[in-house]
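Structure first, commentary second.
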2 protein chains.
Amino acid sequence: MRNTRAAVLVGDLLRTYAKPLSIQELHEHVRAHLPSTAYSTVYRIVGRLEAAGRVHRVDWRERGSRYEWSGLPHHHHIVCSLCGRSVDLDDADLGFSEERVRAATGFLVDHHSIELEGICPSCQR
Amino acid sequence: MRNTRAAVLVGDLLRTYAKPLSIQELHEHVRAHLPSTAYSTVYRIVGRLEAAGRVHRVDWRERGSRYEWSGLPHHHHIVCSLCGRSVDLDDADLGFSEERVRAATGFLVDHHSIELEGICPSCQR
DNA sequence: GCATCTATTGCAAGTTACTTGCAACAAGGC
DNA sequence: GCCTTGTTGCAAGTAACTTGCAATAGATGC
């Protein structure tokens, strides 16, 4: 994968922002630095990053599908339904283990996705 | 909401099948009994059922969005990535509690969605 | 049962977000 | 610098989902 200007901008933002971003949001970011960049370019960069395993997709129901840097430790998200901010949670915070699912169902778990929505502490005030 | 023939077919299938179904699948079922039924009719019936709270949407990533009868006890699913069959899991099977999330993050949880994918016991053989 | 009212339907067209073909372009190796 | 080939911008193409509208059919009251 070539280090084109747009690809570097997309990769850097995903890596440093460390939260899921939509292609729209990535596109806006790239255009701020390289105004001629097309949506389809960002779309394809993200596809390449995903194929290379450097990024993975996250679905936030009403908020659409988003992409997050894969180098982060495994975690899930809780998104504030008022302000949209997200906080990370790991399996231990949730009491989750694949072992437990295995015991309950006999399934060998490949993949799990946990998405939570609620009101964050600051919006509760 | 009127008890039209198509709406009764959709509602009955969702209630008795008790597993998430796509609009496509519901449409095929309705057409088997009422061949003239349009996709958009099923689409709107499901929308009405959802608005009435009798059905809710479930997202199964690659398998698309599906709808499930709401009268069932709260649960999640693990879907076999080979045969597509799903098994229900409740929060206790997962060790999950909103209280725990509250303690870890301070968020008031509105809604949570947990979807698992793996290999079912019979496909493991 | 029959008339009436209005939700519901079928059809076709519209919208949206996502995908792709292709010729021009530019990153990286030599 | 020059060439090779991955990338880009543009515009057009999909597929799935939505909607407008005139015709239809549940439901209600008589």
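Any value given below was found using the heavy atoms of this structure, including those in side chains, with hydrogens, waters and symmetry copies removed. This one's a predicted model, so the numbers in the text were calculated from it and none came from an experiment. In the text below, chain A, chain B and the rest are named by the order of the sequence lines, each starting its count at 1.
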Expressed as a whole number of angstroms, how long is the span from B/L9:CG to C/dT9:P?
11 Å

Residues A/A6 and A/T41: closest non-hydrogen pair is CB-CG2, 4.3 Å

What nucleotide, of D/dT7, C/dG10, D/dG26, holds the atom closest to the side chain of B/A38?
C/dG10

B/F107 and side-chain contact (heavy atoms from CB on, under 4.5 Å): which partner among A/S81, A/P121, A/C123?
A/P121

Under 3.5 Å, which protein N or O atoms sit close to an N or O of nucleotides 14-18 of chain C? Give each pair with its distance.
{"from": "C/dC18", "atom 1": "OP2", "to": "A/Y39", "atom 2": "OH", "distance (Å)": "3.1"}

Spacing of B/D93 atom CG and A/R100 atom CZ [to the nearest 0.5 Å]
8.5 Å

Within less than 4.0 Å of OP1 or OP2 of D/dT7, is there a side-chain N or O belonging to A/T41?
no

What nucleic acid atoms does B/S40 come within less than 4.0 Å of, heavy atoms only: base, sugar-phosphate, or nothing?
base

Does a distance-only test, which skips hydrogens and angles, find a donor-acceptor pair under 3.5 Å between the side chain of B/R2 and the base of C/dA7?
yes

Result for side chain to side chain donor-acceptor pair (under 3.5 Å) between A/H77 and one of A/E68, A/E117, A/K19, A/R66 points to A/E68

Grab the CG-P distance between A/L26 and D/dT8 for me, whole Å please.
14 Å

For atom CZ of B/R57 and atom C1' of D/dC17, their distance in whole Å:
11 Å

Should the ring pair B/H33 and B/H29 be called parallel, tilted or perpendicular, given that the plane angle runs from 0 to 90° and is split at 30 and 60?
tilted

Under 4.0 Å, counting only non-hydrogen atoms across every strand here, what does A/T37 touch: a base, just sugar-phosphate, or nothing?
sugar-phosphate

Looking only at non-hydrogen atoms, find the nearest pair between A/H76 and A/I114 and report the distance.
CB-O, 3.4 Å

What's the CE-C1' distance between B/M1 and C/dT9, to the nearest Å?
13 Å

Under the criterion ring pair (Phe, Tyr, Trp, His ring centres under 6.0 Å), I'd like the reasoning laid out for B/H74 against B/H56: C-alpha separation, chi angles, the key distance, then a yes or no.
CA-CA 11 Å; B/H74 171 80; B/H56 60 268; 8.8 Å; no

Which heavy atom in B/R61 sits nearest to a heavy atom in A/H111, and how many Å separate them?
CD-NE2, 3.9 Å

Considering the terminal five base pairs at each end of the helix from C/dG1-D/dC30 to C/dC30-D/dG1, what angle separates the two local helix axes, rounded to 10°?
40°

What about B/R31: does its side chain form a donor-acceptor pair under 3.5 Å with the base of C/dG10?
no

Whole angstroms only, please: what is the CZ-P distance between A/R5 and C/dA27?
8 Å

Between C/dG10, D/dT7, C/dG28, which one does the side chain of A/N3 approach most closely?
C/dG28

Does A/R44 make a side-chain donor-acceptor contact with the base of D/dG6, cut-off 3.5 Å?
no

Among residues at least two apart in sequence or on other chains, which ones pass side-chain contact (heavy atoms from CB on, under 4.5 Å) with B/R15?
B/D12, B/W69

Side-chain N or O of B/T4 closer than 4.0 Å to phosphate OP1/OP2 of C/dA7
no

Minimum heavy-atom distance between B/A7 and B/R2, given as atom pair plus value
CB-O, 4.1 Å

Using a cut-off of strictly less than 4.0 Å, decide whether B/S36 has a side-chain nitrogen or oxygen near OP1 or OP2 of C/dG10.
yes

